[in-house]
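What follows is one structure encoded as structure tokens, with my remarks underneath.
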Amino acid sequence: MLTKIVEFLSAHARALDAADFDTWMASFEEDASYTVISAENLKLGLNMPLLSASNKNMIRDRILSLREANVYNIHTDHHVLGLPTVSQAGDKVQVNTPLVVHQIDQDGVATLYCIGRYLDELSVSEDAITIRKRDVVFENFGVLRLLATPI
Amino acid sequence: MEQNFTAHRDDFSSVQYGIFHSEEIYERERTKIFSDKAWNYLCLEAEIEAPGAFLTTEVGDIPVLVNRKEDGEIVAFENRCMHRGTKLRRENRGNDTSHTCVYHQWCYSLDGQLTSVPFARGINGKGGLPKDFDRSQIRLRAMRVAVIHGVVFGTFNQDNVPLEDYLGPQIVERLGNLFFKPIEVLGYQRQRILGNWKLYNENLRDLNHGSLLHMFHATFGLARPNQVGGATMDDKHRHNISRKVMGTDDKTEAAELYKDTKNVYQENFVLSDPRILSYVHELPHAESLIIASVFPNVIFQQITNSLCTRQLRLRGVNEFELYWTYYGFKDDTDEMRERRRQQANLVGPGGLVSMEDGEAVQLVHEQTRSSPSSSSEIIIGGRGEITDQPNGVTEVPIRGFWSYYFEIMDFDSAA
């Protein structure tokens, strides 16, 4: 199972790097939540997110807004994932994966943008892995510039 | 500084770009504004409710320590030990009965009074403090503090005008509305914007951009220029309140209004789950959108039910931190609490109607660095006298900002 999960996480992150948001979205279940929250708020016990979606429709809205509405720094992302910790209770598979995201600007200069962690709840079956819940902890919470593309 | 910075026109409808890039001016801002005549936002009273509660904040780029004394009074100091200049309190927040410097253990009361120095008498009469050293004469550099509707302000100028006079009745009234009952802090966001802090002050007072840069505003009617609203300033035009009432326009009018724009008002853009736009009227005023900008370092925001303060913390000429403090009311229902959490999607570093500001500020900052003697055209809404504005097609409050900025900086305005 670990191999399957690693392959899934890796492909999912590559979709973001390729700005292939349709593939990225496809992995979320219809009632999945997706939340990006600062480590500072978490530590203080405050649940105010940087961005949040309570279901897949809200994830679709974020992507629609990113594509059609928002103005943000022109860049490409490069996600590097660390080794995941997997725990299973019944049909719930919980995965904790460290990550860093670099942003690369149009002139090829990279900035370390996010140091964080995926706290995932996955559904793992024979033929597919889908996301029920993804919390992204933004550990370097002094967000550089702005947060437009999902992490 | 010998050479005064010069605006091109005496109605401040043009300002030279060098003003955003000069180290000399930055130093002068610290002296003339943050260390002197301004009343600066420090924090919310709700953040330091218990006796002994403290937090560290900033005034411009000056580190400041705010704490509540045992008797409930809120006091603020430059966060600097009087011995050798060490940052006295290193934590962002906490609760303590005194403040002890880590470097040499000089200890201060919550009132800022030096209370003890280790090894004061040395050993066997050798070393230690000089005999004429009088501990009682050493106090932290205090700010004058005033609290209004639960918002804590401070000034380093002990002879400054009273806070209420500095804010003016318009801001005082709005603060009364925005904080009309006991609040609780719901969270923070931090954003590093790569531009000069004054560019953000311009952005805040630029009503015209709100309905053009933020496509989300225009399309979903959170803020369109044809809505009931406008801009209200204080008598010195240093502060500004941008106002909108959602639902006071119609879509046909909007379609006509936006016909010359590209990708701003998009009739076909539909949210699959529009709950982030679900607004419930709750404050004692009609407006659904208030951006109250208070010179020099804060704005108070109501965007539907998303309430927060945004503090500017300076990081040199080329960068500032935007420190967002989100709040709700203590008697919020679970439903309202959840609504505010959902509406956090609108604002902050990742906000659907705010992320663009960081980008716009950076674009101006980067582009103007190489053209310091060129200047802007601040002419939307008209030239000449700076007056309150009846709608959103205006940037006149930016001229208000500059008129006061030039006054407080002792710059000449005439070309």
Side-chain angles (χ1 to χ4, degrees), chain A residues 25 30-75 103 105-107 111-114 136 138-151, chain B residues 92-93 184-195 213-220 263-264 266 268-276 306 308 315 319 321-328 337-338 340-342 344-346 348-363:
Chain A
M25 275 193 289
E30 280 302 322
D31 57 357
S33 70
Y34 172 73
T35 307
V36 182
I37 187 163
S38 77
E40 182 172 49
N41 283 344
L42 274 184
K43 191 176 168 192
L44 293 168
L46 303 169
N47 73 350
M48 192 56 71
L50 274 156
L51 59 85
S52 69
S54 308
N55 56 45
K56 194 167 179 173
N57 274 337
M58 296 181 80
I59 298 173
R60 290 185 179 105
D61 290 340
R62 240 321 147 167
I63 297 303
L64 181 64
S65 187
L66 181 76
R67 285 171 168 160
E68 306 293 337
N70 297 137
V71 179
Y72 53 93
N73 56 316
I74 300 170
H75 71 276
Q103 281 192 353
D105 71 13
Q106 296 184 93
D107 301 316
T111 313
L112 178 56
Y113 176 70
C114 172
V136 184
F138 209 119
E139 292 176 353
N140 59 326
F141 48 83
V143 178
L144 187 63
R145 295 192 183 90
L146 52 90
L147 170 62
T149 41
I151 292 167
Chain B
N92 288 339
R93 52 182 69 78
E184 67 179 327
V185 170
L186 301 178
Y188 300 92
Q189 308 297 0
R190 321 266 207 122
Q191 182 175 9
R192 288 298 177 107
I193 296 183
L194 305 181
L213 175 66
H214 307 303
M215 172 269 181
F216 213 87
H217 262 326
T219 295
F220 297 108
N263 296 338
V264 178
Q266 302 187 41
N268 303 325
F269 190 112
V270 178
L271 292 182
S272 304
D273 187 332
R275 83 179 77 172
I276 59 173
S306 175
C308 71
R315 290 284 176 278
E319 185 177 336
E321 180 186 23
L322 205 52
Y323 187 88
W324 307 67
T325 305
Y326 295 64
Y327 68 90
R337 225 169 275 255
E338 176 57 17
R340 295 196 209 282
R341 200 184 73 89
Q342 294 287 354
N345 279 297
L346 297 173
L352 295 165
V353 299
S354 66
M355 71 169 82
E356 287 88 2
D357 295 324
E359 178 67 1
V361 162
Q362 187 175 346
L363 290 175

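Every chain is numbered from 1, with letters handed out A, B, ... down the list of sequences.
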Against chain A, label B/Arg337 side chain, backbone, both or neither, depending on which of its atoms sit under 4.5 Å from a heavy atom there. neither

Is A/Leu44 close to chain B through its backbone or its side chain, or both, or neither, when contacts mean heavy atoms under 4.5 Å? side chain

Does B/Arg341 pair with B/Glu338 as a salt bridge, N-O distance under 4.0 Å? yes

Of the backbone (N, CA, C, O) and the side chain (C-beta and beyond), which part of B/Tyr188 lies under 4.5 Å from a heavy atom of chain A, both, or neither? both

Before you tell me yes or no, could you show the steps for B/Glu359 and A/Leu146 under side chain to side chain contact (heavy atoms under 4.5 Å, CB included), namely the whole-Å CA-CA distance, both residues' side-chain angles and the distance that decides it to 0.1 Å? CA-CA 8 Å; B/Glu359 178 67 1; A/Leu146 52 90; 3.9 Å; yes

Heavy-atom proximity to chain A below 4.5 Å, by part of B/Val270: backbone

Report which part of A/Asn70 has an atom under 4.5 Å of a heavy atom belonging to chain B: side chain, backbone, both, or neither. both

I'd like to know whether A/Thr35 forms a side chain to side chain contact (heavy atoms under 4.5 Å, CB included) with A/Leu50, so could you lay out the CA-CA distance, the side-chain angles of the two residues, the decisive distance to 0.1 Å, and finally the verdict. CA-CA 8 Å; A/Thr35 307; A/Leu50 274 156; over 6 Å; no

Under 4.5 Å to a heavy atom of chain B? For A/Glu68 that would be both

Any Lys/Arg nitrogen of A/Arg60 or A/Glu30 sitting under 4.0 Å from an Asp/Glu carboxylate oxygen of the other? yes

Parallel under 30°, tilted from 30 to 60°, perpendicular over 60°: which one fits the rings of A/Phe138 and A/Tyr113? perpendicular

Under a 4.5 Å heavy-atom cut-off, does chain B meet the side chain of A/Asn55, its backbone, both or neither? side chain

Under a 3.5 Å cutoff, is there a donor and acceptor pairing between the side chains of A/Thr149 and A/His75? yes

Counterpart residues, side-chain contact (heavy atoms from CB on, under 4.5 Å), relative to B/Leu213 (two or more places apart): A/Val71, B/His209, B/Glu356, B/Asp357, B/Ala360

Most heavy-atom pairs under 4.5 angstrom with chain B, which of A/Val36, A/Leu46, A/Leu51? A/Leu46

Against chain A, label B/Leu271 side chain, backbone, both or neither, depending on which of its atoms sit under 4.5 Å from a heavy atom there. both

Side chain / backbone / both / neither for B/Gln189 at chain A, heavy atoms under 4.5 Å: side chain

Under a 4.5 Å cutoff for heavy-atom pairs, which residue among B/Leu322, B/Asp273, B/Asn92 has the most contacts with chain A? B/Asp273

